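A short worksheet on the structure shown next.
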There are 2 protein chains.
Amino acid sequence: MEKLTQSLEDYLEAIYVISLTSKVVRVKDVAEFLDVKTPSVVDAVGKLSERGLVVHEKYGYLELTDKGYKIAEEVYDKHKKIYKFLNEILGVSTSTSKKDACNIEHYISKEAMTKMIKFSEFVDTYPEGYPQWLKDFNYYVKHGRHPENISMEK
Amino acid sequence: MEKLTQSLEDYLEAIYVISLTSKVVRVKDVAEFLDVKTPSVVDAVGKLSERGLVVHEKYGYLELTDKGYKIAEEVYDKHKKIYKFLNEILGVSTSTSKKDACNIEHYISKEAMTKMIKFSEFVDTYPEGYPQWLKDFNYYVKHGRHPENISMEK
DNA sequence: TAATAAAGTTAGACATATCTAACATTAATT
DNA sequence: AATTAATGTTAGATATGTCTAACTTTATTA
């Protein structure tokens, strides 16, 4: 199976995300979600249909096939994990983390993705709760230097 | 000034990077560097010339203008810093870090970039040298769990 | 239910970015 | 210096992805 373009991946993901909170997904919803016009959606959906990722009866709602659902889920999963890393580890604002995740999700390698996930996991399962060194990083960002008492942390 | 497309940014960066190790930059060099054919380079260079970022006399060498140099430098600087973060902090292989940096450099926000740089800096200037917690992260990646003696670290 | 509004579709234009094939210029070599 | 090789350019094709304007279908409502 040919790799999807970033654009088609976006459309697939949009359908998925909209379906998480809506009973049905319309062409118009996707257009609004991605900030494009409806003919662009119709075009893209046509291509996704040809590939067996979306089902679309003329003038009807959009539905993901099992195959489409699986791919969309994977893409969105990447999105969420990149978001989490940027936001929770690096301290990037929620809105920027969201935007960056939207772009990066299409390009990042499996290897970097794995490491990013591991890092979040590493922090989440830190034996003594939220790590002191991450607090220190926040201090460093704020004050431009390491806190003084770093050697006394427990 | 209109934002450059990813593609044009790539061409500009390529000219810059090649010029770091070569006296002159030829159309052919850029084509090889970016793995495209020469007409694509000629096209792109035409656009970059129109914008005053590159100087190109017919059948001659390629040169960056001051403006072009500055932009290229910024892009490549981002590249290096993303690379460093992926490679040194997350432990992504050099080749993958390079590829990912190539893509991500075009999309990442200023804010996330700043945080990424700060994080690398935070680690580089860590008071006691290479941080124990980063060693612990490597352990975590390798063994899937935190090391036992984490509370005894100094 | 007939008229109107909303949503969806089609056709065709346009921009970007790439390519191949043919041609032009410059550099190297005999 | 003439020939050949290397490099650069042009023209035209193709693919992607978007748009506007015109039209069609479906849904709403008066």
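Throughout, a chain's letter reflects where its sequence line sits, starting with A, and its residues are numbered from 1. Keep in mind it's a predicted model, so treat the numbers as computed, not measured.
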(request) Dump the intermediate steps for salt bridge (Lys or Arg N to Asp or Glu O under 4.0 Å) on A:K28 and A:E32, then the final yes or no. (result) CA-CA 6 Å; A:K28 192 198 145 216; A:E32 276 168 12; 3.6 Å; yes
(message) Once you measure the plane-to-plane angle for A:W133 and B:F119, does it fall in the parallel (<30°), tilted (30-60°) or perpendicular (>60°) bin?
(response) perpendicular
(request) Could you tell me how the ring of B:H79 sits relative to the ring of B:Y83: parallel (under 30°), tilted (30 to 60°) or perpendicular (over 60°)? (result) parallel
(request) Please determine, by modelled atom types, if B:H106 and A:N103 share a side-chain donor-acceptor pair under 3.5 angstrom. (result) no
Could you go through residues 36-52 of chain A and list every donor-acceptor pair under 3.5 Å that involves a side-chain atom there, pairing it with any protein atom two or more places apart or in another chain?
from	atom 1	to	atom 2	distance (Å)
A:S49	OG	A:V45	O	2.9
A:S49	OG	A:V54	O	3.4
A:R51	NH1	A:E2	O	3.0

(message) With ring pair (Phe, Tyr, Trp, His ring centres under 6.0 Å) as the rule and sequence neighbours excluded, what pairs involving residues 37-69 of chain A come up?
(response) A:Y16-A:Y69
(request) Would you kindly say whether B:N87 and B:T94 are connected by a side-chain donor-acceptor distance under 3.5 Å? (result) no
(message) Are more than 12 heavy atoms, taken from residues, nucleotides or ligands other than A:D124, located less than 6.0 Å from that residue's CG atom?
(response) yes
(request) Return the orientation label for the B:F122 and B:Y126 ring planes: parallel under 30°, perpendicular over 60°, tilted otherwise. (result) perpendicular
(request) Test side chain to side chain donor-acceptor pair (under 3.5 Å) on A:E105 and A:Y76 and set out the steps. (result) CA-CA 8 Å; A:E105 67 190 6; A:Y76 190 55; over 6 Å; no
(request) With the side chain counted from C-beta on, respond yes when A:K135 and A:Q132 share a heavy-atom pair under 4.5 Å apart, and no when they do not. (result) yes
(message) Could you tell me if B:E88 and B:S120 have a donor-acceptor pair between their side chains, going purely by distance under 3.5 Å?
(response) no
(request) Grab the CG-P distance between A:D35 and D:dC19 for me, whole Å please. (result) 8 Å
(message) Can you list, in residue-number order, the parts of residues 17-29 of chain B that come under 4.0 Å of DNA chain D, counting heavy atoms only?
(response) B:R26, B:V27, B:K28
(message) Return a single string for nucleotides 22-29 of chain D, one symbol per nucleotide in 5' to 3' order, where B is base contact, S is sugar-phosphate-only contact and - is none, cutoff 4.0 angstrom on heavy atoms.
(response) --BSS---
(request) Pull out every residue in residues 36-57 of chain B that has a heavy atom closer than 4.0 Å to any atom of DNA chain C, ordered by number, or say none. (result) B:V36, B:K37, B:P39, B:S40, B:D43, B:K47
(request) Give me the residues of residues 5-13 of chain A where at least one heavy atom lies under 4.0 Å from an atom of DNA chain D, by number, or none. (result) A:T5, A:S7, A:Y11
